[in-house]
Amino acid sequence: MTRVVSLYRHPIKGLTPESVDSLTVQPDGRIAGDRVLAVRFADAVTPEDRDGLDYWPKAKGLSLQDFPALAALKTTYDDRALTVRIEHDGTLLVEAGLDGTGRVELADALSDFVLGTPEGRRLRRPGRLPLVVVGDGTTSRFQDRARGYVSVHTRASVTALGDALGLDIDDRRFRSNVVIDDAEAWSELEWSGPVTIGQVAFDAAGPIVRCLATHANPDTGVRDAKVLTTLTGALGQDEPTLGRLLLPGESPEGSNAWLGGTIRIGDEVIATTAEAARA
């Protein structure tokens, strides 16, 4: 039985994932508490428009794609008190709330950290400083696509990639919400149509084309794995792809709205592949 083995949410875009036992999927199809805060460049503190939806491109703020050392930070977000705690190598860098003063303290601490890394020169480019912490700490809105989504990958795909790299690769490197097991490597790339996780019904959307964020070790922040070229080279993909996006599925019979639900560790996953759909 294909089942859920790990669940994650990422309260602050680009920073520490939280391993949890369950995730609440909201009626808008996003995970509650996931990407509710982001740290943006000074010239990108308001969203762009994409098809009438707010869009926050990750290249215009702190992200692992351009600032891999961020992975070495340990961040904790208290969504009741609305406070953020950031540590590095066991040393507290900052602990502050989301009021005006607290946001400045958080942004300044992150600026100081990044400026001291090899990628600090990127942050010194015109228009990027001072950094600004955006988001209300509650609304999930800083996914890489304007539509929002739930992301999933199979553990077997990560194992196959690790075998090709000759490295032990951690699921956290791919920052998915849902990790499943007892499914063949790359099978998530073949999904087409309905996908059910526990009692929550989705539609399979596009496969996830990966970026340089996956090269960063999720504990050290060092780029220690050539994920992209291994996917397109040794594993023969046209694009470096691992994982799948899920969007709200059909509404229950007699209902006009998709309601979301709760995903839990151990939930069964049922998916239709493109081949089965053609049969």
Exercise. Is the count of non-hydrogen atoms from other residues, nucleotides or ligands lying under 6.0 Å from D168 atom CG greater than 12?
Worked result: no

Problem set entry | D136, CG atom: more than 12 neighbouring heavy atoms under 6.0 Å | yes

Would you compute the distance between atom [atom1] of [X] and atom [atom2] of [Y] and round it to the nearest 0.5 angstrom?
X: F41; Y: K60; atom1: CZ; atom2: NZ; value: 10.0 Å
X: T83; Y: Y77; atom1: OG1; atom2: OH; value: 8.0 Å
X: L235; Y: T232; atom1: CG; atom2: OG1; value: 9.0 Å
X: R122; Y: T117; atom1: CZ; atom2: OG1; value: 10.0 Å
X: L23; Y: D267; atom1: CG; atom2: CG; value: 10.0 Å
X: E18; Y: I12; atom1: CD; atom2: CD1; value: 8.5 Å

So which heavy atom on [X] is nearest to which on [Y], and how close?
X: L259; Y: P27; answer: O-CG, 3.8 Å
X: R175; Y: P17; answer: NH1-CD, 4.0 Å
X: A156; Y: E184; answer: CB-C, 4.0 Å
X: R30; Y: A146; answer: NH2-O, 2.7 Å
X: R3; Y: G266; answer: CB-O, 4.1 Å
X: L165; Y: T230; answer: CD2-OG1, 3.1 Å

Problem set entry | Lys/Arg cation over aromatic F142: R35, 6.0 Å, 45° cone | no

For this session: Answer yes or no on whether R145 is positioned over the face of Y149, meaning its NZ or CZ is under 6.0 Å from the six-membered ring centre and within 45° of the axis.
Result: yes

Mind checking whether [X] and [Y] have side chains closer than 4.5 Å, heavy atoms only?
X: K74; Y: H88; answer: no
X: W191; Y: L246; answer: yes
X: L231; Y: L161; answer: yes
X: I263; Y: V25; answer: yes
X: L7; Y: N177; answer: no
X: R9; Y: S19; answer: no
X: V152; Y: V179; answer: no
X: E119; Y: L70; answer: no

Seminar exercise, completed: In short, ring pair (Phe, Tyr, Trp, His ring centres under 6.0 Å) pairs touching residues 157-184 with sequence neighbours left out are H153-F174

Problem set entry | Residues R155 and S6: side-chain donor-acceptor under 3.5 angstrom | yes

Exercise. Would you say the side-chain atoms of E188 and S157 include a donor-acceptor pair closer than 3.5 Å?
Worked result: yes

Problem set entry | Derivation and outcome, side-chain contact (heavy atoms from CB on, under 4.5 Å), residues W56 and E48 | CA-CA 6 Å; W56 300 84; E48 299 179 11; over 6 Å; no

Exercise. Would you say T2's side chain and D182's backbone share a donor-acceptor pair under 3.5 angstrom?
Worked result: yes

Exercise. Donor-acceptor pair, T220 side chain versus V222 backbone, under 3.5 Å?
Worked result: yes

For this session: List the steps and the verdict of salt bridge (Lys or Arg N to Asp or Glu O under 4.0 Å) for R128 and D43.
Result: CA-CA 6 Å; R128 295 193 166 184; D43 60 1; over 6 Å; no

Exercise. Stepwise, does the salt bridge (Lys or Arg N to Asp or Glu O under 4.0 Å) test hold for E87 with R85?
Worked result: CA-CA 7 Å; E87 302 176 30; R85 180 183 176 91; 2.8 Å; yes

Does [X] belong to the same Ile/Leu/Val/Met/Phe/Trp/Tyr cluster as [Y], with side-chain heavy atoms less than 4.5 Å apart forming each link?
X: F202; Y: I208; result: no
X: V269; Y: V5; result: no
X: L64; Y: I86; result: yes
X: V132; Y: L123; result: no
X: V39; Y: V134; result: no

Problem set entry | R173/D219 under salt bridge (Lys or Arg N to Asp or Glu O under 4.0 Å): CA gap, chis, key distance, verdict | CA-CA 9 Å; R173 194 179 287 257; D219 292 313; over 6 Å; no

Seminar exercise, completed: Residues at least two apart in sequence or cross-chain that pass salt bridge (charged side-chain N to carboxylate O under 4.0 Å, His left out) with R264, listed by chain then number, are none

For this session: Evaluate side-chain contact (heavy atoms from CB on, under 4.5 Å) for D203 paired with V195, printing each intermediate quantity in order.
Result: CA-CA 6 Å; D203 282 332; V195 176; over 6 Å; no

Seminar exercise, completed: Across all chains, not counting sequence neighbours, the side-chain contact (heavy atoms from CB on, under 4.5 Å) partners of L228 are R210, L212, T214, H215, P240

Exercise. With Q199, which residues qualify under side-chain contact (heavy atoms from CB on, under 4.5 Å), at least two apart?
Worked result: none

For this session: Show your working on side-chain contact (heavy atoms from CB on, under 4.5 Å) between D79 and V36 and close with a plain yes or no.
Result: CA-CA 10 Å; D79 53 8; V36 297; over 6 Å; no

For residues 97-116, tabulate all N or O donor-acceptor pairs below 3.5 Å that involve a side-chain atom, not counting sequence neighbours.
{"from": "D99", "atom 1": "OD1", "to": "G102", "atom 2": "N", "distance (Å)": "2.7"}
{"from": "R103", "atom 1": "NE", "to": "L98", "atom 2": "O", "distance (Å)": "2.8"}
{"from": "R103", "atom 1": "NH1", "to": "V133", "atom 2": "O", "distance (Å)": "2.9"}
{"from": "R103", "atom 1": "NH1", "to": "G135", "atom 2": "O", "distance (Å)": "3.1"}
{"from": "R103", "atom 1": "NH2", "to": "G135", "atom 2": "O", "distance (Å)": "2.7"}
{"from": "S111", "atom 1": "OG", "to": "A107", "atom 2": "O", "distance (Å)": "2.8"}

For this session: Tell me, with the steps shown, if S140 and Q26 meet side-chain contact (heavy atoms from CB on, under 4.5 Å).
Result: CA-CA 9 Å; S140 176; Q26 302 173 154; 4.2 Å; yes

Exercise. Is D78 paired with R80 through a side-chain N to carboxylate O contact shorter than 4.0 Å?
Worked result: no

For this session: List for me each residue that meets ring pair (Phe, Tyr, Trp, His ring centres under 6.0 Å) alongside H10, sequence neighbours excluded, and say none if there are none.
Result: none

